[in-house]
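Protein chains get the first letters and strands the later ones, always in sequence-line order, with residue 1 at the start of each.
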Number of protein chains: 2
Amino acid sequence: MAVTMADVARRAGTSVAVVSYVVNGGPRPVAARTRERVLAAAAELGYRRNRVAAALRSGSSGLVGVVLPDAANPYFAALGRALEAALSRSGRLTVVATTGYDAERQAEAVERILAAQPDGLVVASADGADDPAPAAADAGVPVVAVHHRPEGARAVLVAADDRAGVHAALEHLRGHGHERIAFLAGPADDGPVAERMRAWRESPAAGELLRCGYARGSAARLTAGLAARGELPRALLAATDEQAVGVLAAAAAAGVAVPERLAVAACDGTPDAAFTVPSLTAVEQPFEEVAERAVAVLLGGEEPRERPCGRLIPRRSCGCPEPGFADVLEG
Amino acid sequence: MAVTMADVARRAGTSVAVVSYVVNGGPRPVAARTRERVLAAAAELGYRRNRVAAALRSGSSGLVGVVLPDAANPYFAALGRALEAALSRSGRLTVVATTGYDAERQAEAVERILAAQPDGLVVASADGADDPAPAAADAGVPVVAVHHRPEGARAVLVAADDRAGVHAALEHLRGHGHERIAFLAGPADDGPVAERMRAWRESPAAGELLRCGYARGSAARLTAGLAARGELPRALLAATDEQAVGVLAAAAAAGVAVPERLAVAACDGTPDAAFTVPSLTAVEQPFEEVAERAVAVLLGGEEPRERPCGRLIPRRSCGCPEPGFADVLEG
DNA sequence: CTGAAAGCGCTTACAG
DNA sequence: CTGAAAGCGCTTACAG
């Protein structure tokens with residue numbers, strides 16, 4: 001069986017209490033010679049601390065839950081990766097669950113994770129999902145919403161402020177001569193997409209409102225249909241990169257030149273945007289910053305400060321020259 | 001504080017043993033009336049089973065670790081999503097850790113996860129990383145390698161057999177008239193990429209061997225350089241989709257027509273391949289099947305059967321007509 | 001500085 | 001069918 005503190009204590013000729021003090025660096029001091037004997041015994045026996053037992057006793061499991069609509073979507077993949085990195089830096093293990101944008105599956109995922117007694121829960125809610133805060137409060141687990149907080153929810157929100165970015169993207173497209181810019185929204189008006197849409201509505205260049213699901217296939221089918229009927233706008237701001245990728249794919253397949261016939265920009269700014277064809281002009285999301293803050297709020301009890309802003313990265317799809325790959329980062 | 005079984009037992013006028021039998025559906029039978037009282041008490045008090053305590057006592061935490069080189073790479077994102085879905089179906093929670101293709105970080109990630117007493121560990125090893133099997137065996141945790149098993153490692157491997165797929169891709173390119181096909185490999189000859197490369201070498205059409213890192217930026221820079229020096233091959237099989245995406249981006253930026261001047265195919269077959277410009281001909285990986293089997297081997301103790309094969313999906317980048325988006329799945 | 005002991009919330013033989 | 005009790009491996013007051 002696995003080596004326990006009792007085994008180490010026996011070998012080192014001391015008590016489990018002292019072994020615990022050594023292994024955890026406290027809360028009591030230990031004589032240098034004793035510490036060495038314990039460390040030697042632990043190494044010889046291959047001792048590995050049992051975090052489950054520690055969790056039961058101390059009340060901290062070292063686990064943090066991350067609930068995402070879809071871990072394979074590049075936006076949530078980037079967000080999830082940033083969260084995992086930030087949690088790892090603070091010594092936590094990340095438990096992930098994917099909800100497929102489904103409210104019921106989200107509620108289930110939250111319950112299943114809460115049963116594991118996590119030290120915290122980060123939720124990127126699906127449109128129309130329940131507030132995870134009541135269940136979390138019930139279980140005594142702090143929760144923070146990232147990306148999107150359900151209507152009326154009590155969870156603290158850590159998310160980027162997209163309004164400035166949307167305005168910058170629209171102004172940029174206008175600079176390329178576009179006076180009517182369509183917006184490609186999601187199926188419902190919820191969360192950050194709704195905020196981006198409201199920002200677009202404020203622009204004098206706001207044109208047609210288009211809608212499709214949050215999947216590249218959905219955007220591709222919409223675009224193929226519009227192209228076939230000759231109803232494509234001249235310029236389009238997509239709410240998400242995922243949708244923009246579908247637009248670019250369908251435009252290419254239909255022989256519609258981007259940016260000449262159809263200028264495109266997007267609001268997610270995932271790492272993928274630099275490698276689409278043509279490269280995608282996008283408002284880059286501050287993933288690392290959002291993740292860092294979410295973890296600080298969750299585990300450090302910090303108050304959320306003003307929301308960080310995305311930054312417009314002009315590339316080829318809006319009409320700018322192709323930037324090339326000299327300055328593109330690895331990974 | 002949180003509601004415990006003792007609270008429920010007190011309210012239902014019974015013992016914690018009986019509450020446990022009801023909550024877990026066994027291992028002892030409980031009279032229907034008693035069961036109802038327990039269920040009612042649990043509901044009234046908002047009882048939530050403490051899995052940490054159950055884990056300590058029963059030896060099963062309900063957690064399974066998944067170690068990936070990079071969760072934001074579409075290949076590993078798809079694999080991770082399939083694993084999470086399969087694990088969720090078997091009632092397990094997924095703990096993820098990302099290693100950034102680094103051997104040392106992988107060893108750390110494995111140790112951190114093992115401390116959480118998982119019921120199993122799934123590892124997609126980075127090139128040159130250590131075998132996770134000894135550490136896992138030491139902790140009494142079953143382990144399975146997916147995608148790639150380090151040289152000489154003892155871990156069971158569950159992975160697709162790519163040889164047939166590579167041959168099919170090469171034959172397909174030959175059918176488009178290409179008699180010299182370059183191969184874009186990774187920086188080292190390791191794992192599935194090495195297997196794909198060996199399969200390519202067996203082909204009479206094997207041409208030049210190219211190498212770059214497993215990142216789209218790396219492939220884009222290589223391609224841009226080759227294009228600038230007029231050294232681009234006429235046909236190229238990329239080891240991974242990630243690299244192929246970089247090739248397509250750089251080719252477009254350099255004005256190199258795909259497939260007319262440069263035909264491209266890839267070996268990963270991620271969901272992204274249907275939405276590149278032009279769409280990417282690829283050997284589709286059986287992600288779901290690999291994930292399903294990995295979980296069965298890990299938790300059910302099944303023997304790994306013969307490896308599933310990827311299937312070639314011809315799209316535009318090899319020279320076939322653009323398939324369009326009618327049959328593309330959502331998500 | 002060190003050690004004996006209680007107890008975290010469960011599961012599960014064991015006795016009734 | 002039900003209940004009292006041991007014990008999983010830790011952490012941490014408490015006593016020395």
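Contacts of A155(B) classified as side-chain contact (heavy atoms from CB on, under 4.5 Å), with partners at least two apart in sequence or in another chain: D131(B), A133(B), V143(B), A145(B). By the ring pair (Phe, Tyr, Trp, His ring centres under 6.0 Å) test, H147(A) pairs with Y75(A), F76(A), sequence neighbours left out. Take R11(B) and apply the salt bridge (Lys or Arg N to Asp or Glu O under 4.0 Å) test, not counting sequence neighbours, and it matches E44(B). By the salt bridge (Lys or Arg N to Asp or Glu O under 4.0 Å) test, R48(B) is found to be paired with E111(A), D138(A), residues two or more places apart in sequence or in another chain being considered.
Under a 3.5 Å cut-off, the side chain of E289(A) and the backbone N or O of P308(A) do not form any donor-acceptor pair. A distance-only check finds a donor-acceptor pair linking the side chain of D190(B) to the backbone of G128(B) [under 3.5 Å].
When the P atom is used for both dG7(D) and dG3(D), the distance is 22 Å, rounded to whole Å. Look at the P atom in both dC14(D) and dC10(D): the space between them is 23 Å, to the nearest Å.
In this structure, Y47(A) reaches the dC10(D) phosphate: one of its side-chain N or O atoms is under 4.0 Å from OP1 or OP2. At dT11(D), one or more side-chain N or O atoms of R49(A) fall inside 4.0 Å of OP1 or OP2 (strictly under the cut-off).
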request  = Sugar-phosphate means primed atoms, P, OP1 and OP2; the rest is base. With that split, encode nucleotides 1-8 of chain D 5' to 3' as B, S or - using protein heavy atoms under 4.0 Å.
outcome  = SBBB-BBB

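Distance check: L87(A) CG to L93(A) CG gives 9.5 Å after rounding to the nearest 0.5 Å. Distance OG/S60(B) to CZ/R92(B): 5.5 Å, rounded to 0.5 Å.
DNA chain D forms stems at C:1-3 with D:14-16, C:5-12 with D:5-12, C:14-16 with D:1-3, each a run of 3 or more consecutive Watson-Crick or G-U wobble pairs whose two key distances fall under 3.5 Å.
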